[in-house]
Each structure stands twice: as structure tokens, then as C-alpha cells.
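Some notes on the structure that comes next.
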Amino acid sequence: MRTEELDYELPQAAIAQQPAEPRDSSRLLVDRGPAASPEHRLARDLPELLSPGDVLVVNDSRVMAARLRLRKATGGKVEVLLLEPGDDGWWSALVRPGRRVRPGTELWFEEAPVLEVGERFGGDGRRRVRPTGDPDALMDQAGEVPLPPYVTGELADIERYQTVYADRPVSAAAPTAGLHLTEAVLDRCRAAGASVCPLELAVGAATFTPVMAEELEDHAMHTETYRIPEDTLAACVRAERVVAVGTTVVRALESAAATGSASGRTDLFIKPGHQFAVVDALLTNFHLPRSSLLALLAAFIGPRWRDLYATALSEGYRFLSLGDAMLCTRDLGQNPGI
């Protein structure tokens, strides 16, 4: 399948620059299937769209203060985005401007060197970097929660880029579908007879790296770590319907089904033709053109994603990480094409 088949025109004005206030006032486009028009609701209406026996699965990873604004000893500014720690004290990271930072360069914060830059790897611009001290202390001292590059300003409250149930700081970006949910909404989901169950997928390069290959099959998916509690897996087995809050939840659950492992690393690239084993419904934001996230949506609901996106744009829905959401039900036909 050609990546250009996941293209659509996204006006700059449709890209949300600030989250909705309050959280649960985000708009929600409810997919009613190929034979019906979508319904326009709000995120706070989610409990009304769930049924007894449903299991709502959330990604409770927290976004790290992973953006470091550092300098070389010569004074040149360098920005580092920490992605994931390795087992040897080195981290994978994105470094800008990467071409001007040679391996072995020490980067400084205030009056001390805090990070060594290593070699490139992976063929996609990632670098190995090594903090000179405790990386958590470095992020506490010098780090900022990274916003997506298409968000051009600052947030009045950076906690709005965290979910209300965020737990361990392991992600380099937010699992954004969960940003719409409040404790009150989740309590009403439980009152409606649904269970709310967590898992963790550390959001990294696999989620936000653009698809540059002409054919989807040639896209190299990075690995991300996940772990799913046994209680969550058991609840999914018993569920009348598994509702994933975000594409990262889909990848974790479908990876566990494919491998039989409740934790590990996954490079699962869900694209049209994927046979879903666990997830029945998906709460998700509106995604960038030509992205792996849009490929997952196309696999999940088939060609009607185009009509739903066209409706959302014409009705003024806000797109991408800080924007609105849609709730869709899996295409039981498992349509293998767009």
C-alpha cells in the first residue's frame, strides 16, 4: 500500500494550539459505522456511550521532562530530547542541530557539563547520549516537558499535557487520547458498568516518527516498551467490549495478543490488513497525514476514515495532540485497503 493513500489536506488553522478548557469539553465525533452519519458529542458524554461489561483501557505513562536546552563549551545552543534509557547508562535521543555536535561533545547546563553526546544510530537521526550524573536529577534541574513541534506556544498549565491518571515518567510524548478524561468522567464510566484498567506503553519514536517510505511496508517501526498488568489482561478476556483509549493502548494489547507476553518491546506496525485480536472500539485524536497512527486508524475502521476526517474538518473540529477526539468501532470486515 502506498503511503500517499494516507494523505489529506490539513489546514494550519485546524491544528489545536491549546487544549480545551475544561478537559472534558473537547468535542467527540462518534462513528456510527458505514451506514450511518456520525454523531457530534463532547468528551464528557463518553460514559453514555459505554455499556455494562465494557473495559476502558488507558495508558498511564507520564511524560518525562525530557527536553533539555543545553550548550556546548563554546556557547552554541543545543537541544536534546531524551527518548529512552539503555542498560549501559546511555540513552537514545534526538539532538538539534545534530550535524554540529560531534561524538564526544560535552553539553553544559549553567556552569557544569551534564551530558556527553555519542554516535548516531538507526539511520533516522537518533543519537546515543550519556548523562554525567543521575538522569532523573538532570531532568528535574534542566528538563522541560516536550510539546509536539506543531504546537508553537507554551501551555498556561503544562499539566494539561499529562493525563489525570499519569503514573511513571517513561514517555517522551503524551498518550493524547487520554487528555480528554477527568476523574469525574472516569467515575461515571464506572457507574455505567464499565471497568477502567491501566497499562503502560512508553511513548517514543515509534509513535511520532513520520512515515517517509513510499510504501507502508517499507516503514521501519521503532520499538517501544510496554507492560500490561495481569488484571488488565484478564479483564479484556472477560469484556463484552474492549475500548482502547489511544493508539498506544491498541499497540500494547495487540502486541500482547501476538506474542503471548504481557510485557516487553514491540515494533508492531498496525496497518490495513491487520487482524485485530483484542480491541473493539477506539477513542483517539485526529492524526497527522501519512503517519503510522493514521495507518492504524485505517486498519481499524477501513476507508470511512476519510469521510469522518472530512466531516471533522468541515465542522471545525480541532486536530492533533491538543485537539478533539473521535470514538470509532472496529470494522468487522477487516478491510485490507483504504
Side-chain angles (χ1 to χ4, degrees), residues 23-24 26 28 30-31 43-63 162-171 173-204 206-207 224-266 268 270 274-285 293 296-297 299-301 325-330:
R23 283 180 188 263
D24 60 2
S26 297
L28 181 64
V30 182
D31 168 35
R44 65 172 63 106
D45 299 330
L46 178 63
E48 301 170 19
L49 303 169
L50 300 178
S51 302
D54 285 352
V55 173
L56 192 71
V57 186
V58 300
N59 180 358
D60 67 2
S61 68
R62 185 172 183 83
V63 187
Q162 306 280 7
T163 62
V164 297
Y165 44 76
D167 190 6
R168 292 202 314 146
V170 295
S171 286
T176 55
L179 297 180
H180 311 285
L181 305 180
T182 65
E183 292 291 357
V185 169
L186 293 170
D187 285 345
R188 288 173 50 227
C189 289
R190 297 182 183 100
S195 301
V196 180
C197 297
L199 58 75
E200 178 185 278
L201 183 137
V203 184
T207 296
E224 292 171 322
T225 60
Y226 71 94
R227 60 179 190 175
I228 307 174
E230 290 299 329
D231 287 349
T232 297
L233 287 175
C236 289
V237 171
R238 298 191 304 267
E240 291 294 325
R241 187 174 61 150
V242 174
V243 182
V245 178
T247 59
T248 60
V249 170
V250 178
R251 290 188 65 233
L253 291 176
E254 295 294 321
S255 294
T259 65
S261 177
S263 63
R265 301 190 65 86
T266 179
L268 178 63
I270 298 178
H274 178 82
Q275 298 295 306
F276 289 89
V278 182
V279 179
D280 302 299
L282 171 62
L283 176 70
T284 187
N285 284 23
L293 307 180
L296 185 152
L297 180 64
F300 198 73
I301 62 173
M326 61 187 299
L327 179 66
C328 49
T329 300
R330 177 165 54 87

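- No donor-acceptor pair closer than 3.5 Å links the side chain of Arg241 to the backbone N or O of Gly53.
- Within the 4.5 Å cutoff, side-chain heavy atoms of Leu282 are placed close to those of Leu296.
- Smallest separation of non-hydrogen atoms from Ile301 and Thr329: CG2-O, 3.5 Å.
- Between Cys236 and Val57 there is a side-chain heavy-atom pair separated by less than 4.5 Å.
- Nearest heavy-atom pair across Leu283 and Ala177 is O-CB, 3.3 Å.
- Two residues are said to be in side-chain contact when any heavy atoms from C-beta on lie closer than 4.5 Å; Pro198 and Thr232 meet this criterion.
- Taking OH of Tyr226 as the start and CG of Leu253 as the end, the distance is 10.0 Å to the nearest 0.5 Å.
- Atoms OG1 and CG, from Thr176 and Leu293 in turn, are 8.0 Å apart once rounded to the nearest 0.5 Å.
- Here the CZ-OG distance, from Arg227 to Ser261, works out to 13.0 Å after rounding to the nearest 0.5 Å.
- Residues forming a side-chain hydrogen bond (donor to acceptor under 3.5 Å, both in side chains) with Asp24 (at least two apart in sequence, or on another chain): Arg44.
- Note that OG1 of Thr259 is 11.0 Å distant from CD of Glu254, once rounded to the nearest 0.5 Å.
- No donor-acceptor distance shorter than 3.5 angstrom exists from the side chain of Ser61 to the backbone of Ala202, with no hydrogens or angles considered.
- No donor-acceptor pair under 3.5 Å is formed between the side chain of Glu240 and the backbone N or O of Pro52.
- From His180, atom NE2 reaches atom OG1 of Thr284 across 8.0 Å, with rounding to the nearest 0.5 Å.
- Scanning both residues, Ile228 and Ala252, for their nearest heavy atoms gives CD1-O, 3.5 Å.
- The backbone N or O of Val279 sits less than 3.5 Å from a side-chain atom of Arg330, completing a donor-acceptor pair.
- Annotation for Val170 and Glu200: closest pair CG2-CD, 3.8 Å, computed over non-hydrogen atoms.
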Residues Phe300, Ile270; criterion side chain to side chain contact (heavy atoms under 4.5 Å, CB included); working and verdict: CA-CA 9 Å; Phe300 198 73; Ile270 298 178; over 6 Å; no

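- Rounding to the nearest 0.5 Å places CG of Leu186 at 8.5 Å from CG of Leu46.
- Val249 approaches Val58 most closely through the heavy-atom pair CG2-C, 3.8 Å.
- Within the 3.5 Å criterion, the main-chain N or O of Gln162 finds no donor-acceptor partner in the side chain of Arg62.
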Between Val185 and Arg23, is a side chain to side chain contact (heavy atoms under 4.5 Å, CB included) present by the stated rule, with each step listed? CA-CA 10 Å; Val185 169; Arg23 283 180 188 263; over 6 Å; no

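- In this structure, the side chain of Ser171 does not engage the main chain of Ala174 through any donor-acceptor pair within 3.5 Å.
- Looking at Val243, Asp54, Leu28 one by one, the single match for side-chain contact (heavy atoms from CB on, under 4.5 Å) with Leu49 turns out to be Leu28.
- Residue Pro47 comes nearest to Ala192 through the heavy atom pair O-CB, 3.7 Å, listed as atom of the first residue, atom of the second, then distance.
- The residue from Val245, Thr163, Val203 that alone fulfils the side-chain contact (heavy atoms from CB on, under 4.5 Å) condition with Asn59 is Val203.
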